[in-house]
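Structure record follows, encoded as structure tokens.
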Amino acid sequence: MKKIKDENKILIMLAFFSISIGLWGNFRQLWLQDNNFSVTQISNIISIGTLISVIGIALIGRYVTSNKLKKTLTFILIIKFINMLLLYFLNGTNKTELIRLTIIIDIIMEYIIITSIYPLITTIVKNNTIYSKRKLTEYLFRDIGILFGGIFIGKSIAGILVDYNICLIISNVFLLISIFTMLNIKINKIEEKTVNKNSMIKDILKSKIMSLYLLDMFIGTIAMSTALGLKMLTITNYFAFSDSVATNYLLIIGLIADGIGILALKYLTPKNDYLTITIKFGIRFMGYVIAFISNNLMITLIAITWSLLISTAYENICDGVYINRVENDYQLSFANIRYIIRFLGEAIGVYFCGIMYEIGLKYMFGLSAILMIFQIGLAYYLIHLRRVEKIQNE
């Protein structure tokens with residue numbers, strides 16, 4: 001029997017973890033709503049959890065070496081497992097503050113794990129293809145988790161009604177499998193150089209391309225989260241979809257998006273990177289502008305659908321090409337910096353989303369479109385800088 005490569009074992013662990021995230025994360029907002037939290041409260045909880053996760057990621061980057069990364073992630077997975085068990089028993093108890101705290105912890109653990117997967121892989125192999133495989137694995141198996149939710153939610157199995165809380169405990173089973181998978185991954189000890197992280201940050205900021213990439217990612221994350229940070233609540237409340245219909249909608253869109261991502265990676269990556277950015281972000285921008293002006297539910301749903309469909313495509317160009325400029329010794333630290341910036345953007349975007357949600361649906365997409373003007377402009381400029389750099393190095 002052919003031995004499974006260590007990097008593939010990590011992807012298998014990520015697959016089980018992503019199923020867990022897809023199943024639970026899809027219903028987490030609705031679970032909170034069922035426990036009498038308002039949309040604004042839910043938005044604030046998610047924002048706070050995302051913001052605090054930045055501190056955890058910073059601590060990982062500061063004190064955890066590549067050789068200790070596997071043990072650290074295993075420990076965090078176990079904490080998340082125990083925390084989710086607690087959430088299961090808190091359902092319907094009206095212990096508002098404890099629920100709030102436990103959800104925040106859940107978000108923090110989730111984001112730290114997602115942040116650290118690629119740096120763990122880079123201790124074995126690093127290239128644009130493995131980066132895209134890591135992203136596609138996360139997206140594809142997250143959608144499989146959503147599939148499980150769509151199939152079972154509202155159904156009665158062996159006399160038990162499958163509600164959000166049952167989905168939570170099933171999600172925890174997949175999380176447990178990911179823990180056992182992680183325990184069976186062997187990471188060979190690597191000889192690590194002493195990395196001056198302050199110097200690394202200065203080197204990144206000295207690079208015009210890398211500093212602008214981080215700024216572009218920050219603005220882009222705020223824009224995306226402003227429009228879609230509360231998408232399950234938006235679809236079920238504004239569009240009056242049932243939880244089952246909303247889940248199936250997100251599932252179908254997610255699976256098609258995964259297919260587009262795979263095709264883009266294998267066949268559709270154009271030589272013209274300007275075209276790539278226009279396809280991924282330019283059409284999304286136009287959709288949001290039209291949704292804002294028209295204030296039409298059908299047009300808004302089309303804009304949401306396109307945004308989700310194209311979300312997984314061209315990861316190797318939009319992110320991988322910049323991430324792989326960083327030396328292996330700096331990968332963990334850089335990943336932490338990158339995700340800190342991303343999660344700060346997400347926290348701000350979800351907060352904006354909660355405010356715009358209360359004002360009116362079209363304002364979520366109007367504000368997002370304004371932010372995308374700066375995001376797309378920076379993305380085009382980055383391509384120009386990379387081309388100039390390539391010419392100078394030839």
Looking only at heavy atoms, what is the nearest atom pair of [X] and [Y], with distance?
X: Thr115; Y: Tyr111; result: OG1-O, 2.5 Å
X: Gly229; Y: Val350; result: CA-CG2, 4.1 Å
X: Thr236; Y: Ser242; result: CG2-O, 4.2 Å
X: Leu161; Y: Ile166; result: O-CG1, 3.5 Å
X: Ala291; Y: Lys362; result: O-CB, 4.2 Å
X: Leu228; Y: Ser307; result: CD1-OG, 3.6 Å

Transitive ILVMFWY side-chain link [X] to [Y], under 4.5 Å:
X: Met224; Y: Phe374; answer: yes
X: Ile341; Y: Ile107; answer: yes
X: Ile277; Y: Met286; answer: yes
X: Ile160; Y: Tyr164; answer: yes
X: Ile299; Y: Val289; answer: no

What distance do [X] atom [atom1] and [Y] atom [atom2] have between them, rounded to the nearest 0.5 Å?
X: Ile252; Y: Leu308; atom1: CD1; atom2: CG; result: 12.5 Å
X: Leu215; Y: Gln375; atom1: CG; atom2: CD; result: 10.5 Å
X: Leu233; Y: Leu30; atom1: CG; atom2: CG; result: 5.5 Å
X: Thr137; Y: Leu11; atom1: OG1; atom2: CG; result: 4.5 Å
X: Leu23; Y: Ile144; atom1: CG; atom2: CD1; result: 12.0 Å
X: Leu214; Y: Leu378; atom1: CG; atom2: CG; result: 11.5 Å

When you measure from the side chain of [X] to the backbone of [Y], do you find a donor-acceptor pair of N or O atoms at a distance under 3.5 Å?
X: Asn248; Y: Ser244; answer: yes
X: Ser116; Y: Ile113; answer: no
X: Ser18; Y: Arg142; answer: no
X: Ser53; Y: Thr50; answer: yes
X: Ser171; Y: Cys167; answer: no
X: Thr74; Y: Lys70; answer: yes
X: Ser178; Y: Met13; answer: no

Without hydrogens or angle criteria, can the side chains of Thr305 and Tyr249 be said to hold a donor-acceptor pair below 3.5 Å?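 Their side chains do contain a donor-acceptor pair, which is all the 3.5 Å distance test asks for.
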| Any side-chain donor near an acceptor of the partner, Tyr357 and Thr40, under 3.5 Å |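 Side-chain D/A pair, Tyr357 to Thr40: absent.
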Q: Verify side chain to side chain contact (heavy atoms under 4.5 Å, CB included) between Tyr88 and Asn172, making sure each step is shown before the conclusion.
A: CA-CA 10 Å; Tyr88 174 78; Asn172 220 17; over 6 Å; no
* Apply the test salt bridge (Lys or Arg N to Asp or Glu O under 4.0 Å) to residues Glu97 and Arg100: give CA-CA distance (whole Å), side-chain angles for both, the deciding distance (0.1 Å), then the verdict. => CA-CA 5 Å; Glu97 293 306 317; Arg100 191 192 308 271; 3.5 Å; yes
For the residue pair [X] and [Y], establish whether any side-chain heavy-atom pair is separated by less than 4.5 Å.
X: Tyr213; Y: Leu382; value: yes
X: Asn83; Y: Met109; value: no
X: Leu361; Y: Phe239; value: yes
X: Asp34; Y: Asn91; value: no
X: Met84; Y: Asp106; value: yes
X: Trp24; Y: Trp31; value: yes
X: Leu32; Y: Ile99; value: yes
X: Ile21; Y: Phe174; value: no

Might you confirm whether atom [atom1] of [X] has over 12 heavy atoms from other residues, nucleotides or ligands at distances under 6.0 Å?
X: Tyr363; atom1: OH; value: no
X: Phe292; atom1: CZ; value: yes
X: Tyr351; atom1: OH; value: no
X: Lys231; atom1: NZ; value: no

Check: Between Gln33 and Asn237, does a side chain to side chain contact (heavy atoms under 4.5 Å, CB included) hold up when you go through it step by step?
Finding: CA-CA 11 Å; Gln33 188 171 247; Asn237 293 339; 3.3 Å; yes
| task | Starting from the C-alpha separation in whole Å, work towards a yes-or-no answer on side chain to side chain contact (heavy atoms under 4.5 Å, CB included) for Phe27 and Thr247. | result | CA-CA 9 Å; Phe27 293 125; Thr247 298; 3.2 Å; yes
Parallel, tilted or perpendicular: which fits the ring planes of Phe148 and Phe152, with parallel below 30° and perpendicular above 60°?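 Geometry flag for Phe152 against Phe148: tilted rings.
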* Asked: Given Ile76 and Lys80, is the side chain to side chain contact (heavy atoms under 4.5 Å, CB included) satisfied, shown in steps?
  -> CA-CA 6 Å; Ile76 292 171; Lys80 180 170 171 59; 5.6 Å; no
